[in-house]
There are 2 protein chains.
Amino acid sequence: MDGGVKRGAVTSSQVAEHAGVSQSAVSRTFTPGASISPKTRAKVLAAAKALGYRPNAIARSLITNRSRIIAVVMAYLENLFYPDVLEELGRRLAAENYHVLLFTGFKDRDSDPVFDQLMQYRVDGIILASTSLSSDLAEECETAGIPVVLFNRTTGKDVASSVTSRNHEGGRLLGEFLVGGGHRTFGYIAGLANSSTNRDRFAGFREALARHGIDDIQVGTGNYNRQEAEAAARAMLSGPNRPEAIFVANDHMAVAVMDVARYEFGLAIPADLSIVGYDDVGPARWTSYGITSVTQPISAMVEATVDILMDQIASGEIETQHRVVPSELIVRTSARLPKTGIVEVDGQLVYRPEGLK
Amino acid sequence: MDGGVKRGAVTSSQVAEHAGVSQSAVSRTFTPGASISPKTRAKVLAAAKALGYRPNAIARSLITNRSRIIAVVMAYLENLFYPDVLEELGRRLAAENYHVLLFTGFKDRDSDPVFDQLMQYRVDGIILASTSLSSDLAEECETAGIPVVLFNRTTGKDVASSVTSRNHEGGRLLGEFLVGGGHRTFGYIAGLANSSTNRDRFAGFREALARHGIDDIQVGTGNYNRQEAEAAARAMLSGPNRPEAIFVANDHMAVAVMDVARYEFGLAIPADLSIVGYDDVGPARWTSYGITSVTQPISAMVEATVDILMDQIASGEIETQHRVVPSELIVRTSARLPKTGIVEVDGQLVYRPEGLK
DNA sequence: CTGAAAGCGCTTACAG
DNA sequence: CTGAAAGCGCTTACAG
């Protein structure tokens, strides 16, 4: 650990000299699968240890043209869904010996501003969580051979691969659930207007209600933001026709809506008002909230994401893939229950109505 | 944007050829402050644009011996304090044109396992959030000239710089606050036993109570983990001498403790039981909880962290610094109030008792 | 201001 | 299995 270590890191040439072998031999010792005799290897390892040598990943990247770095662009970190995703992503990429270069603070608008930065580092892949990118840049990635995965978003144009959950189905399930629970009037507190998650969830919800002859839904907008959701809830709850049930586009907002309903309007949940949410995120499970919510299975979504990336990196073929992961409606205490369709699975109550595929 | 771009990125030599200048001229165009005539520069820029050139940061790093990458090792992402820190860190480092290489999942035990990885990338600095590292590795960083900052932890040995808030004072303030509120029996639900935050907060708390002749504190251990905190709360609340007030070592656990107290034991807060926490994290501010809590000012702490790093990178001098940021006790509804010492600052109630420095 | 050239620390044909 | 050598894409003295 000590020895001739001076300022600046030890190089393979120094190790080679110390071990009395060529620099190539040192390199081969640290390249899995390279041709090296056990004896030489042992000498190199000993010298490396003595000098405190560590291969320089930067130099390696330059020559192999692989940085083993994945850029992750992520916002909404105040919504626990994303930290959970980040942790799982870190775990899974580490297992593949990849590393995460993180860019935060770029919400749904295009992530173009960071693009320059991440391209300069010659990342091997890009994960955009709740962000999109312009088709110009998407095209640039394709010609450069860099795979891009949109996480929890899709775009109409087929510009990049994507991983989402069945948002449309989730919305439908929530609609069925609420109708089955005997609710007659409905509200929706929307996420970001032009995000695919918001559009799909709402479309599914509306479709389910329409099936039962209900076309009138009060709509407010929270833009996946706590304060805006609170304001939307205030407007909706103080209106002349307070709905019996509100679908809030994600749990992060639903928590805020519940607090407004209970503490500003004195409403009992679910006696006076039913609330359902989306994501099945940490606070949804806390007793104070107990939100009936559709899961977005993080583990499966992250697995799919890493899968696509590893696939395309290995093959060099950038063919956009769209993976959609199934989800489940978890039944808790924030909404009145339908008479049928609730079953217990692994100790949790889930809603699986008959005849709804 | 289009042009001769084929698979693989464009190099400075290609740009040089296209522009009819030397490769050096291209490099100088993209090096702020380098000596280049406006005319040459313009030619290069035009060629670069035509070819879609972006400097290769990897190659640059190799020769400048600066990666402009800061390694961030962070765990406890389920505690919103850390995502908030991460976001602020990202913002501040981006402003300095540094990037974040993120390593997650290494809790308070030494972060040695990731160390090898991050050193291979020749990071320019290391931030360890709620993690420490062995003195061997700390020493290695020092000889390598890589600054290390421990964020929200300190170690006894002076192995690395650190940024913390005044945990001891915070604990004392909470003790004074609770005694002032007329509570007579106390509990403490601890964080990780050998973390400096836990030790300092508890020491301050104990000291404040001792001043008032109170030496008996019931102690449970939550290890900064939700489930363990719940278990500790159950044990404490079902014991024969339920305390009147509990200091939970951070808000992340305090939320769980409040849910247990209310929904499993039917206790009214603060009528039957007062709870105080630490961090002033998102959920502490939610109406359902309204936790009286000591702030850890993220912006100031992150600023100090980046400051130390930039300083040491610029000077090349690695002299450990320990920055301690002041905090404030924010008064909300989870604990009974003392008669004096509460003042309003910027629309928030804070506790600033007389005679306590 | 400009270009030719050396060199950062590696990997990897190539020849032996 | 091993070493000498070329080369990855840059920055930066050096000489003009």
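Not measured: the values here are computed from a predicted model. In what follows, chains carry the letters A, B, and so on, assigned in the order in which the sequence lines appear, proteins first and then strands, with residues in each chain numbered from 1.
Regarding contacts with the backbone of dG9(C), every side-chain N or O of Y121(B) stays at 4.0 angstrom or more from both OP1 and OP2. Contact between the side-chain N/O atoms of S22(B) and the OP1/OP2 oxygens of dG3(C) is found at a separation under 4.0 Å. OP1 or OP2 of dC10(D) has at least one side-chain nitrogen or oxygen of S12(B) nearer than 4.0 Å.
Here the C1' atom of nucleotide dG9(C) and the CZ atom of R60(B) are 18 Å apart, to the nearest Å. Atoms CD1 (I58(B)) and C1' (dG7(D)) sit 17 Å apart, rounded to a whole Å. The separation between N56(B) atom CG and dG7(D) atom C1' is 14 Å, rounded to whole Å. Rounded to an integer number of Å, the gap from K43(B) NZ to dC1(C) C1' is 12 Å.
Sorted by first then second residue, the side chain to side chain donor-acceptor pair (under 3.5 Å) pairs that include residues 299-313 of chain B, not counting sequence neighbours, are D307(B)-R323(B). For residues 92-106 of chain B, the set of pairs meeting the side chain to side chain donor-acceptor pair (under 3.5 Å) definition, not counting sequence neighbours, comprises Q117(A)-H99(B), Y121(A)-H99(B), E88(B)-R92(B).
Within 4.0 Å of S37(B), counting heavy atoms only, lie sugar-phosphate atoms of the nucleic acid but no base atom. Residue Y53(A) is classed as a sugar-phosphate contact, given heavy-atom separations below 4.0 Å to backbone atoms only.
The side chain of S35(B) approaches dC1(C) more closely than any other nucleotide in the set dC1(C), dA5(C), dC10(C). The Q23(B) side chain lies nearest to dC10(D) when the options are dT2(C), dC10(D), dC1(D).
Remark: S196(A) engages R153(A), T154(A), R199(A), D200(A) in a side-chain contact (heavy atoms from CB on, under 4.5 Å) (not counting sequence neighbours). With sequence neighbours excluded, no residue forms a side chain to side chain donor-acceptor pair (under 3.5 Å) with S22(A). For R54(A), the salt bridge (Lys or Arg N to Asp or Glu O under 4.0 Å) partners two or more places apart in sequence, or in a different chain, are D116(B), E140(B). Remark: A34(B) engages R28(B), T31(B) in a side-chain contact (heavy atoms from CB on, under 4.5 Å) (not counting sequence neighbours). Scanning for ring pair (Phe, Tyr, Trp, His ring centres under 6.0 Å) contacts around Y53(A) gives F30(A), with sequence neighbours left out. Checked against side chain to side chain donor-acceptor pair (under 3.5 Å), N79(B) has no partners two or more places apart in sequence or in another chain. With sequence neighbours left out, E78(B) forms a side-chain contact (heavy atoms from CB on, under 4.5 Å) with E87(A), Y76(B), K107(B), H252(B).
A residue-by-residue look at R122(B) and S24(B) shows that S24(B) has its nearest nucleotide of DNA chain C further toward the 5' end. Nucleotides of DNA chain C nearest to A59(B) and G20(B) differ in position, and the one nearer the 5' end is that of G20(B).
If you check the side chains of Y224(A) and S130(A), you find no donor sitting under 3.5 Å from an acceptor. Side-chain polar atoms of S12(B) and Q23(B) form a donor-acceptor pair below 3.5 angstrom.
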What N/O pairs connect the protein and nucleotides 14-16 of chain C at under 3.5 Å? Give each pair on its own line.
none

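Although no hydrogens or angles enter the test, the distance criterion places a donor-acceptor pair under 3.5 Å between the side chain of S161(A) and the main chain of Q321(A).
Stem regions for DNA chain D, each three or more consecutive Watson-Crick or G-U pairs with both distances under 3.5 Å and listed by first number, read C:1-3 with D:14-16, C:5-12 with D:5-12, C:14-16 with D:1-3.
At a non-hydrogen distance threshold of 4.0 Å, L62(A), I63(A), T64(A) from residues 61-70 of chain A come into contact with DNA chain C.
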